[in-house]
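So that the names make sense, note that chain A is the first sequence line, chain B the second, and so on, each numbered from 1. These figures come from a predicted structure and were not determined experimentally.
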Amino acid sequence: MTSSYQFDHNAFAADLQSNYAALSDGEESGVRVRVAGRLMLLRRQGKLAFATMRDSSGEVQLFALSQVTEEFEAFSKLHLGDWVGVEGEVVRTKRGELSVKVATWVRLAEALHNFGDKWAGIADFDLRYRHREADLWANDLSRRSLLRRSQVVRSVRERCWSQGFVEVETPILNPIPTGAAARPFKTHHNALDAEFFLRIAPELWLKRLVVGGFERVFEIGRLFRNEGVSPRHNPEFTSLELYAAYWNYEDMMTFTEELVAGVALDVLGTTEIEYQGRQLSLSTPWARRSMTELASEGVGEEVSVHTPRAHLVKLLAERDVEAHASWGPGRCLEELFGATMESTLWDAVFVTGHPVEISPLARRDPNDELLTQRFESYAAGRELSNGFTELIDPVEQRARFEDQARLAAAGDDEAMIIDEDYLRALEWGLPPTAGLGVGLDRLAMLIADESNIREVIAFPTLKPLRD
RNA sequence: GCGCCGGUAGCUCAAUUGGCAGAGCAUUUGACUCUUAAUCAACAGGUUCCGGGUUCAAGUCCCGGCCGGCGCACCA
């Protein structure tokens, strides 16, 4: 059989399995179908041959007989991994396996390499990540995790749409990297002879759309940060960022917990999930605890952003954290929380009330001028989302950017740069607005029960091979 | 970036103290009319990641490099 350019396929393996579940052993349905997929196993027995064929829905056995099957010899010599299109009757073999009894068939493509050990699959991480196409055939779990990631993104998108959010796209090539604290990737546009940075966050663009009258917007897209690679960090990752005019951070927390719990419900059917062998609750409402309270609990005494810096520095030193000269009390408080309590936050929880010092785009808390109306959600000891009531005052925003510029001058190479276009946008009037960012890879990890971010990214960033 | 661990046939893995590089699956050939990782028989398959070094002898020990896993750091 030579290969074909096309195949008229009219049935999926999984549908056959369910539609003919009642077919008894040795019974023939009288129905002819055309299926296509890849050969995963092939067992020849003299003038019979049995093959396991997999398509995107599942698996079904192909049953070939020399008396029935065209080109039987060639069929029985197909290779594992070959793509075939088959026409034949749906039957159940005497031994009870639902099968398509092959009348005619065509090889659609030939596999020149195998897909790993048929028991063990492919275990080598390097091979799995560099050749995901082979990994997907060899390992059920890889297929499942990437499928779940897709379901997570779909669910997030549909839930945002259903709440009246408009999906938008903002520039990836940015003249200045802003909206977050991170090192950027740099590139160059030849015709414009201009330096550009790949975005580290879409935040400022999205708020400019709110200024423009899009009261509810969101963007799902790739962000790029020139930081270390780890089981929880890929240089390019996917975020959901979303803004709602007239909301404050409490409204946004409610939205966030319902979104995440809803995604779990959509994909897994429950908000009480199992993660890495341990029960984890995403059920609403999530606990809300202030960073001040958590840091105090962590160090065993009352601390706050009003505690003298020298004392906070001492408490950090006791935990082997060396305070940088540019850190004020706010940053020290956050570091104390990070060093003591962050990794213990297992069930979904909101941490609220971040210091102004570390929140240059968030609106101050009217009850404490050194804190903001900000939250981060945590699950499995990791940050899952970040949101706040947006700072809308252009004068204060300029002062906050200038504070960041001073940090940069003091050696903090991740401090934010002044964005004049954004300040001008604020001068046209941003209504009271709350914003949210969610790391979708992190969310996908949680839902797919994966501990390595690479398992939920089809083609993770790897070091190019060289000698 | 730092530390620990790893890289052996196409795939999954062995190889004792430094002593002839092996198995299963896949591939190739043959047998087999209800198999289920089919089974049975046979053939073939190697730059032991790369480059040096020590040694009578290196997959194994030492040095350098490449790639990966985990931890730390940075961050989401």
Checklist entry - Has the side chain of A:D126 got a donor or acceptor that lies under 3.5 Å from a partner of the other kind on the base of B:rG7? => result no
Partner nucleotide, any strand, of [N] [Watson-Crick/G-U, under 3.5 Å]:
{"N": "B:rA23", "value": "B:rU12"}
{"N": "B:rC61", "value": "B:rG53"}
{"N": "B:rC2", "value": "B:rG71"}
{"N": "B:rU39", "value": "B:rA31"}

Between [M] and [N] - [atom1] atom distance, rounded Å:
{"N": "B:rU16", "M": "B:rA58", "atom1": "P", "result": "16 Å"}
{"N": "B:rU60", "M": "B:rG71", "atom1": "C1'", "result": "27 Å"}
{"N": "B:rA23", "M": "B:rC70", "atom1": "C1'", "result": "29 Å"}
{"N": "B:rA26", "M": "B:rU12", "atom1": "C1'", "result": "11 Å"}
{"N": "B:rA21", "M": "B:rG59", "atom1": "P", "result": "8 Å"}

Which nucleotide in the list [options] gets nearest to the side chain of [X]?
{"X": "A:F237", "options": "B:rG68, B:rA76, B:rU12", "result": "B:rA76"}
{"X": "A:F63", "options": "B:rC34, B:rC25, B:rC72", "result": "B:rC34"}
{"X": "A:K47", "options": "B:rU33, B:rC70, B:rC74", "result": "B:rU33"}
{"X": "A:N452", "options": "B:rC13, B:rG69, B:rC11", "result": "B:rG69"}
{"X": "A:Q67", "options": "B:rG69, B:rC11, B:rU33", "result": "B:rU33"}
{"X": "A:I122", "options": "B:rU12, B:rU27, B:rC70", "result": "B:rU12"}

With sugar-phosphate meaning primed atoms plus P, OP1 and OP2, does [X] contact a base, only sugar-phosphate, or nothing at under 4.0 Å between heavy atoms?
{"X": "A:K94", "value": "base"}
{"X": "A:D124", "value": "sugar-phosphate"}
{"X": "A:Q45", "value": "base"}
{"X": "A:R128", "value": "nothing"}
{"X": "A:G121", "value": "sugar-phosphate"}
{"X": "A:R382", "value": "nothing"}
{"X": "A:G439", "value": "nothing"}
{"X": "A:P464", "value": "sugar-phosphate"}
{"X": "A:L462", "value": "sugar-phosphate"}
{"X": "A:L48", "value": "base"}
{"X": "A:R130", "value": "sugar-phosphate"}
{"X": "A:D320", "value": "nothing"}
{"X": "A:Y129", "value": "sugar-phosphate"}
{"X": "A:K463", "value": "sugar-phosphate"}

Item to check | Heavy-atom side-chain contact between A:R216 and A:V210 under 4.5 Å | outcome: no
Checklist entry - Does the side chain of A:F337 come within less than 4.5 Å of A:E342's, by heavy atoms? => result yes
Checklist entry - Which comes earlier along RNA chain B counting from the 5' end, the contact point of A:F115 or that of A:P235, where each point is its nearest nucleotide? => result A:F115
Item to check | Comparing A:A120 and A:Q61 on RNA chain B - which has the more 5′ nearest nucleotide | outcome: A:A120
Item to check | Atom pair distance, as rounded to whole Å: CZ in A:R374 and C1' in B:rA76 | outcome: 11 Å
Has [X] got a side-chain N or O lying under 4.0 Å from the OP1 or OP2 atom of [N]?
{"X": "A:K118", "N": "B:rA38", "value": "yes"}
{"X": "A:R225", "N": "B:rA76", "value": "yes"}
{"X": "A:R454", "N": "B:rG69", "value": "yes"}
{"X": "A:N114", "N": "B:rU27", "value": "no"}
{"X": "A:H79", "N": "B:rU28", "value": "yes"}

Next on the checklist: Please tell me whether A:E27 and A:S24 have a donor and an acceptor in their side chains that are separated by less than 3.5 angstrom.
Outcome noted: yes
Checklist outcome for this item: From the list A:L78, A:V100, A:L62, side-chain contact (heavy atoms from CB on, under 4.5 Å) with A:W105 holds only for A:L78
Item to check | Matching residue for A:E335 among A:V321, A:L312, A:I358 - test: side-chain contact (heavy atoms from CB on, under 4.5 Å) | outcome: A:V321
Next on the checklist: Surrounding CZ of A:R319 (heavy atoms of other residues, nucleotides or ligands, distance under 6.0 Å), is the total greater than 12?
Outcome noted: yes
Next on the checklist: Tell me whether the rings of A:F63 and A:F50 are parallel (<30°), tilted (30 to 60°) or perpendicular (>60°).
Outcome noted: parallel
Checklist entry - Hey, would you say the A:F255 and A:Y249 ring centroids sit under 6.0 Å apart? => result no
